[in-house]
Colleague: 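I have a structure here, written as structure tokens, and I will follow up with some questions on it.
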Amino acid sequence: MSQPETGQIANVMQEERLFPPSEEFSAAARIGSREQYDALCERAKQDPEGFWGELGQQELHWFEPFTKVLEQQGSDFSWFPGGKTNVCYNCLDANIEAGNGDRTAIIWEGEPGDTRTLTYLGLHREVCKFANVLKSLGVGVGDVVSIYMPMTPELAIAMLACARIGAIHSVIFAGFSAGAIADRNNDAKAVVQLTSDGLFRRGKVLPLKETVDEALEQSATVGKCIVLRRAENEVSMTPGRDFWWHELMAEAAEDCPAEPLDSEADLFILYTSGSTGKPKGIRHAAAGYNLWTKMTFQWVFDWRPDDLYWCTADCGWITGHSYIVYGPLSCGATVFMYEGAPNHPAPDRFWEMIERHKLTILYTAPTAIRAFIKWGDEHVDKHDLSSLRLLGTVGEGINPEAWIWYHEKIGNKKCPIVDTWWQTETGGIMMSPLPGVTATKPGSCTTALPGVVPVILDESLMPVSPGQGGMLCIDKPWPGMLRGIWGDHDRYLDQYWAKVPGKYLTGDNARIDQDGYYWIMGRIDDVINVSGHRLSTIEVESAIVSHDSVAEAAAVGRPDDLKGQAIAVFVSVKGAEPSEELRQELKQHVRKEIGALAVPDDIRFTDALPKTRSGKIMRRLLRDIAAGKETAGDTSTLEDLSVLAKLQSNQE
Ligand code: WTA
């Protein structure tokens, strides 16, 4: 283990395995050689504006050309100013004009097993009609539309319809409470609400409209509500306010030209929870975001027209916005979309669908992968997954052992894995392997994409040496970057630009290794400081997860008189019973994997870890629990952890 310097974070993870792409994969890839990739990166580095300007010109449709590539005033950025474009046009009309109207855009499967397929022409027709519906309710350029809907094609249709007429969508994940919807609606001053009667989740109907009714009582700006019929559950409709989706669509005209919009027009707001609790409405602008998602989709997923691509995220999160809707559709891709739970009717649902639809690319989250491992290999073994050629992960760091399982069990050792690091704020992927070029290391997001310039700094804002962890910042602007926080520009400046002048502060810690590979070490706030050694959560967790009996682990610091902080780890087990013996064994295991410094002081067994609704472990909550009164040996209250998590997220 290397010794940390002041303000830096110790690196304790030893991961030496290297997985280069197969010759066969590289030979067929869009970018298949190091020379080709280096040339791209070099061009982006030498002449960023020339690079992005050329791509902007080529890849997007312009009603009016932009006059400049980038304009910067302090920490405010405009990409492609002067130009007029339309993101919906780029996703639909442009593909139809290129002769791909009959290509499938969306293959959708509902949880009960119903399916639907929409070609680009079919999707265009639905989007135009729904855009006319929105207009008929008075929605126009700059109006905010709040979307609280199940993962149905209509969710994508609604987003694209907003983009077509210049309305700004605010998608709220359909698991949030009425209070959370109302907070977001009020902050955004939304004028129209879109929802459905209900949605299917693990065979049950969740009554979305009921939740929305409660939310709208506290959402003064929302005057109209459109309700999709999905689950056929009974709902109450308020005359004058509520309308059925299908009734309005039956009347709507099919012709709706795309509105030429300023490059910098807001495309959407997406709320993400901030460290202080009040959610932030992250703003993304039309042209730059569109270009970023389109390019990164091609580079990272090596997309080809015959791919059947599946991103398992929900459109309520940024991953769904960028890599279900805008990135893939602007390329003309065929996207698979699924409504329900991964374990309904059985834990093999994902694998069964991959086999049946012959899907070729799978993009999912480490939290899902760890759940699959826990459910057992037999559910995977039943299915032929040979159609898959590429795998991806996003959302958190992936523990090396989960990576290896994904590689062997799902990828049959032949599919490259792209571990993609990015944030709601970055709009799209920032660091990732290129599947035809990069030799991957389990747990590393490898290197930055063309035009992305990461730097890692210590507390005195000096670059750290290789092997040492520090604050991850981005040194140069990129087209997909956030443009602000809705209604609170000061918070934007303060949060992302104040601490490190001139650089975007990501809020993550990272280190770079001797080969120039990046390793994300967790959020800055999550560092554990043991006797002056700063340890990253992911490294301690990965050591524990590499034990055969561990399904998931979350490490946090708790106050300790002697050491400053002691390490507490919450562990859920697989194929074993929690016991004092196992606890000692795990401590030994960490000692062997990392060293004495990282041996947890407390190990607490729990059935489930508390998570945010997008699947990230809630370390903040665990820190409170770890610092609380329960003794280390007491496991009786831990059953309540998931309940606690629910309570906490319901307060948002
Ligand atoms: C974390 C999701 C490690 C990170 C697209 C980031 C990751 C936050 C990775 C953003 C990864 C995301 N490896 N950590 N590949 N991807 N993260 O806004 O802490 O939901 O800052 O965006 O997730 O989460 P968000």
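Whatever order the structure lists ligands and atoms in, that order sets their numbers, starting from 1. The structure displayed is predicted, hence computed values, not measured ones. Because only heavy atoms are used, hydrogens play no part in the values below, and waters and symmetry mates are left out as well, while side chains stay in.
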Colleague: Using only atom types and a distance under 3.5 Å, with no angle test, would you say the side chain of His321 pairs donor to acceptor with the backbone of Trp317?
Modeller: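 It does hold such a pair.
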Colleague: Which residue owns the protein heavy atom closest to atom 10 (C) of ligand 1, what's the atom, and how far is it?
Modeller: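 For atom 10 (C) of ligand 1, the nearest protein heavy atom comes out as Trp422 O, 3.6 Å.
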Colleague: Any idea which atoms of ligand 1 are less than 4.0 Å away from a heavy-atom of Arg523?
Modeller: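 Selected atoms, number and element: 19 (O), 21 (O).
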Colleague: In this structure, does ligand 1 have an atom that sits under 4.0 Å from one of the heavy atoms of Met431?
Modeller: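 Judged by the 4.0 Å heavy-atom criterion, Met431 does not count as contacting ligand 1.
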Colleague: Given Asn399, which partner from the list Glu541, Glu552, Arg370 fulfils the side-chain hydrogen bond (donor to acceptor under 3.5 Å, both in side chains) test?
Modeller: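 The passing option is Arg370.
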Colleague: Just to be sure I read this right, does ligand 1 sit under 4.0 Å from the backbone of Asp508, its side chain, both, or neither, counting only heavy atoms?
Modeller: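 Under 4.0 Å from ligand 1, Asp508 contributes side-chain atoms alone.
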Colleague: Verify the ring-centre separation between Phe350 and Trp310: is it less than 6.0 angstrom?
Modeller: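 Yes, ring centres under 6.0 Å apart.
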Colleague: Which atoms from ligand 1 have a heavy atom of Val394 less than 4.0 Å away?
Modeller: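 Counting atoms of ligand 1 from 1, those under 4.0 Å from Val394 are 5 (C).
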Colleague: What part of Glu396, side chain, backbone, both or neither, has a heavy atom within less than 4.0 angstrom of ligand 1?
Modeller: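 Looking at Glu396 and ligand 1, just backbone atoms fall under 4.0 Å.
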Colleague: Quick one: which ligand 1 atoms are inside 4.0 Å of a heavy atom on Ile318?
Modeller: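 Close to Ile318: 5 (C), 22 (O).
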Colleague: Just distances here: any N/O of Asp419 and N/O of ligand 1 closer than 3.5 Å?
Modeller: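 Yes.
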Colleague: Quick one: nearest non-hydrogen protein atom to atom 16 (N) of ligand 1, plus distance?
Modeller: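 Of every protein heavy atom, Gly395 N, 3.2 Å lies nearest to atom 16 (N) of ligand 1.
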Colleague: Please say whether Thr420 places an N or O atom under 3.5 Å from an N or O atom belonging to ligand 1.
Modeller: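 Yes.
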Colleague: Roughly how far, to the nearest 0.5 Å, is CD1 of Ile269 from CD1 of Ile168?
Modeller: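 Separation between the atoms: 6.0 Å.
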Colleague: For Asp266 and Trp486, which I'm curious about, is there any donor-acceptor pair between the side chains at under 3.5 Å?
Modeller: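 Looking only at side-chain atoms, Trp486 and Asp266 do not form any donor-acceptor pair under 3.5 Å.
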Colleague: Do you see a donor-acceptor pair shorter than 3.5 Å between the side chains of Asp513 and Trp519?
Modeller: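 Yes, Trp519 and Asp513 have a side-chain donor paired with an acceptor closer than 3.5 Å.
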Colleague: Would you say the ring centers of Trp303 and Tyr323 fall short of 6.0 Å from each other?
Modeller: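 Between Tyr323 and Trp303, which both carry aromatic rings, the centre distance is not below 6.0 Å.
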Colleague: May I have the step-by-step check of side chain to side chain donor-acceptor pair (under 3.5 Å) for Tyr363 and Thr420, ending in yes or no?
Modeller: CA-CA 10 Å; Tyr363 188 34; Thr420 63; 2.6 Å; yes
Colleague: Give the atoms of ligand 1, by number and element, whose distance to some non-hydrogen atom of Thr424 is under 4.0 Å.
Modeller: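 Near Thr424, meaning under 4.0 Å from one of its heavy atoms, ligand 1 has 18 (O), 20 (O), 22 (O), 25 (P).
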Colleague: Using modelled atom types only, decide if a donor and an acceptor are shared between the side chain of Thr438 and the backbone of Thr440 within a distance under 3.5 Å.
Modeller: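 No; zero donor-acceptor contacts below 3.5 Å.
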Colleague: Please confirm whether Tyr309 and Phe297 have ring centers closer than 6.0 angstrom.
Modeller: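 Judged by ring-centre distance (under 6.0 Å), Tyr309 and Phe297 do meet the cut-off.
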Colleague: Any N or O on Gln423 sitting closer than 3.5 Å to an N or O of ligand 1?
Modeller: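 Yes, since at least one N or O of Gln423 sits under 3.5 Å from an N or O of ligand 1.
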Colleague: Show me which atoms of ligand 1 lie under 4.0 Å from any heavy atom of Lys616.
Modeller: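 Going through ligand 1 atom by atom, the ones under 4.0 Å from Lys616 are 20 (O), 23 (O), 24 (O), 25 (P).
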Colleague: If the cut-off is 4.0 Å to any non-hydrogen atom of Ile520, which atoms of ligand 1 fall inside it?
Modeller: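 Ligand 1 atoms under the 4.0 Å threshold to Ile520: 3 (C), 14 (N).
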Colleague: Which residue supplies the protein heavy atom nearest to atom 3 (C) of ligand 1, what is that atom called, and how far is it?
Modeller: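 Minimum-distance protein heavy atom for atom 3 (C) of ligand 1 reads Gly397 N, 3.0 Å.
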Colleague: So, does Thr272 sit close enough to ligand 1 that a heavy atom of it is under 4.0 Å from the ligand?
Modeller: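 Distance cut 4.0 Å: Thr272 fails for ligand 1.
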